[in-house]
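Residue numbers start from 1 in every chain, and the chains themselves are labelled A, B, ... in the order their sequence lines are given, proteins ahead of strands. Quick note: numbers below take in every heavy atom, side chains included, and nothing from hydrogens, waters or symmetry partners.
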Protein chains: 2
Amino acid sequence: MRIKSLHPDRVRAWLARAEAWCRARGSNLTPLRREVLELVIARGRPVRAYELLDALRARGRAGSPPTVYRALEFLEAEGLVHRLSARKAWLACPEPGHDHAGVVLSCRHCGRALEVDDASLVEPLLARLDAYGFEPEAGLLEVPGTCDWCRQERDHG
Amino acid sequence: MRIKSLHPDRVRAWLARAEAWCRARGSNLTPLRREVLELVIARGRPVRAYELLDALRARGRAGSPPTVYRALEFLEAEGLVHRLSARKAWLACPEPGHDHAGVVLSCRHCGRALEVDDASLVEPLLARLDAYGFEPEAGLLEVPGTCDWCRQERDHG
DNA sequence: GAATGCAATGTAATACTATTACATCATGTT
DNA sequence: AACATGATGTAATAGTATTACATTGCATTC
């Protein structure tokens with residue numbers, strides 16, 4: 001069985017890490033930003049900005065697109081969420097402070113995404129781009145495809 | 001000096017290849033689709049859909065968003081253009097019929113993009129995704145970064 | 001403690017990207 | 001002629017993201 005959304009305890013622990021991280025960096029994780037992060041974490045999968053906006057409003061927050069985009073921008077700068085451009089969605093990062101080198105495995109079928117923070121996955125590729133004089137950005141490479149669960153679903157009914 | 005847009009002869013040759021490719025596949029490269037492809041090719045870099053729409057209109061074509069998106073969808077299905085999701089733009093593929101395994105090196109500074117059709121670049125990475133039960137889609141991996149030209153510009157003024 | 005400056009948020013409007021739904025037209029087939 | 005099909009025309013709308021400007025709250029300085 002797949003997890004539908006995160007257990008509250010896990011969300012709490014995750015948020016606590018994020019708070020510690022921001023405190024250590026002297027950055028300002030305001031209630032609003034924290035709330036947006038909480039929503040992204042709890043979802044347990046990539047979320048679209050306007051879903052977050054709806055969720056905020058449902059909680060009684062004022063809110064308009066900039067509310068959400070500004071919070072997401074902050075969170076991304078802090079390395080607490082990642083933007084998945086190919087998906088137009090945002091994913092909470094389980095390990096703030098990580099290097100965030102690696103890949104995000106993004107499933108076209110179920111929409112879930114798995115962050116794999118393993119620089120060794122992408123380093124050989126990135127190193128070869130030197131030959132083109134190209135300097136890749138630090139960050140995660142988005143890899144679209146089919147996740148384990150959906151593949152099994154498809155193959156063995 | 002960098003090339004601003006493609007030489008007409010090169011565009012013509014490119015289009016001729018595309019026509020041959022479609023003829024061989026029995027697919028229907030209509031005048032409209034051909035014109036859109038021509039615009040993408042001539043630009044020599046990723047183009048946004050609405051730029052194409054404007055260009056079509058400037059040429060006296062009727063046109064609305066679906067006009068462009070339908071043409072692009074066709075061209076992508078034929079492997080004649082690639083969609084760069086991270087850039088929300090479309091890039092003409094110089095080699096129809098290729099496997100299109102490899103990367104697109106996408107420069108954040110100048111906006112240019114280079115398609116590198118070299119499966120050996122990505123195969124080691126993709127193979128390792130097996131360990132996650134993940135089945136990557138065939139296609140190009142978008143790599144954001146800084147191109148050779150912009151890097152030199154930045155480093156040696 | 002009033003004035004100033006700054007970061008964060010509120011709010012309205014708008015720009016940009018993409019799709020849906022339905023009408024029309026041309027072409028080939030029965 | 002009637003019909004089926006694929007391509008295009010057209011209007012409307014959905015979804016994503018940004019700009020611009022007003023306001024608030026708090027810390028600093030005088």
Side-chain angles (χ1 to χ4, degrees), chain A residues 18-19 22-23 25-40 43 46-78 80-91 106 108 111 142, chain B residues 18-19 22-23 25-40 43 46-78 80-91 106 108 111 142:
Chain A
E19 266 163 9
C22 287
R23 212 177 310 118
R25 287 172 44 100
S27 69
N28 192 0
L29 185 63
T30 64
L32 175 61
R33 290 164 175 173
R34 198 194 123 102
E35 200 165 340
V36 170
L37 177 58
E38 184 184 346
L39 290 167
V40 182
R43 211 57 67 109
V47 208
R48 287 168 303 147
Y50 276 68
E51 283 185 78
L52 293 171
L53 180 53
D54 291 344
L56 278 180
R57 284 171 169 164
R59 287 178 164 205
R61 279 263 181 205
S64 57
T67 309
V68 165
Y69 282 101
R70 286 193 287 228
L72 288 171
E73 193 182 355
F74 168 86
L75 295 170
E76 191 181 31
E78 296 300 316
L80 296 171
V81 305
H82 300 293
R83 177 187 213 141
L84 306 187
S85 353
R87 288 274 299 280
K88 293 174 189 170
W90 304 75
L91 181 65
S106 177
R108 283 229 201 270
E142 258 179 278
Chain B
E19 267 163 9
C22 288
R23 213 176 310 118
R25 286 173 43 101
S27 70
N28 192 359
L29 185 64
T30 63
L32 175 61
R33 290 166 174 171
R34 196 194 126 102
E35 200 164 342
V36 171
L37 177 58
E38 183 183 347
L39 289 168
V40 183
R43 211 57 66 111
V47 208
R48 288 168 303 149
Y50 277 68
E51 284 185 79
L52 293 170
L53 181 54
D54 291 345
L56 278 179
R57 284 170 169 165
R59 287 179 164 202
R61 279 264 182 205
S64 57
T67 309
V68 165
Y69 282 101
R70 286 193 287 228
L72 289 172
E73 192 182 356
F74 168 86
L75 294 169
E76 192 181 30
E78 297 300 315
L80 296 171
V81 305
H82 300 293
R83 176 187 213 140
L84 306 187
S85 353
R87 288 274 299 280
K88 294 175 188 169
W90 305 75
L91 181 65
S106 177
R108 284 229 200 269
E142 259 179 278

Distance check: side-chain N/O of [X] vs OP1/OP2 of [N], anything under 4.0 Å?
X	N	result
A:Asn28	C:dA7	no
A:Arg48	D:dA17	no
A:Thr30	C:dA7	no
B:Arg70	C:dA21	no
B:Tyr69	C:dA18	yes

Side chain proximity check, [X] to [Y], heavy atoms < 4.5 angstrom:
X	Y	answer
A:Leu91	A:Ser106	no
B:Val47	B:Leu39	no
A:Arg83	A:Leu72	no

Output the rounded distance in Å from [atom1] ([X]) to [atom2] ([N]).
X	N	atom1	atom2	value
A:Glu35	C:dG10	CD	P	10 Å
A:Glu78	C:dA7	CD	P	15 Å
A:Leu72	C:dA8	CG	C1'	15 Å
A:Leu53	C:dT9	CG	P	15 Å
B:Leu29	D:dG6	CG	P	18 Å
B:Glu51	C:dT17	CD	P	8 Å
A:Leu75	C:dA8	CG	P	12 Å

**OP:** Without swapping roles, check the side chain of A:Arg61 against the backbone of A:Ala55 for a donor-acceptor pair under 3.5 Å.
**Re:** no

Subject >> A:Glu51/A:Arg43 salt bridge by N-O under 4.0 Å criterion >> reply: yes

Subject >> Under 3.5 Å donor-acceptor pair, A:Tyr50 side-chain atoms to D:dA14 base atoms >> reply: no

Under 4.0 Å between any heavy atoms, over every strand shown, what does [X] touch: base, sugar-phosphate, or nothing? Just pick one.
X	value
A:Ser64	base
B:Arg61	nothing
B:Arg87	nothing

Original post:
So which nucleotide from D:dA17, D:dG9, C:dT19 ends up closest to the side chain of B:Arg83?
Top reply: C:dT19

Original post:
Nearest to the side chain of B:Pro66 - C:dT19, C:dA18, C:dT11?
Top reply: C:dT19

**OP:** Please figure out whether A:Phe74 or A:Gly63 has its closest DNA chain C nucleotide nearer the 5' end.
**Re:** A:Phe74

Subject >> Residue closer to the 5' end of DNA chain D, B:Arg33 versus B:Lys88 (nearest nucleotide) >> reply: B:Arg33

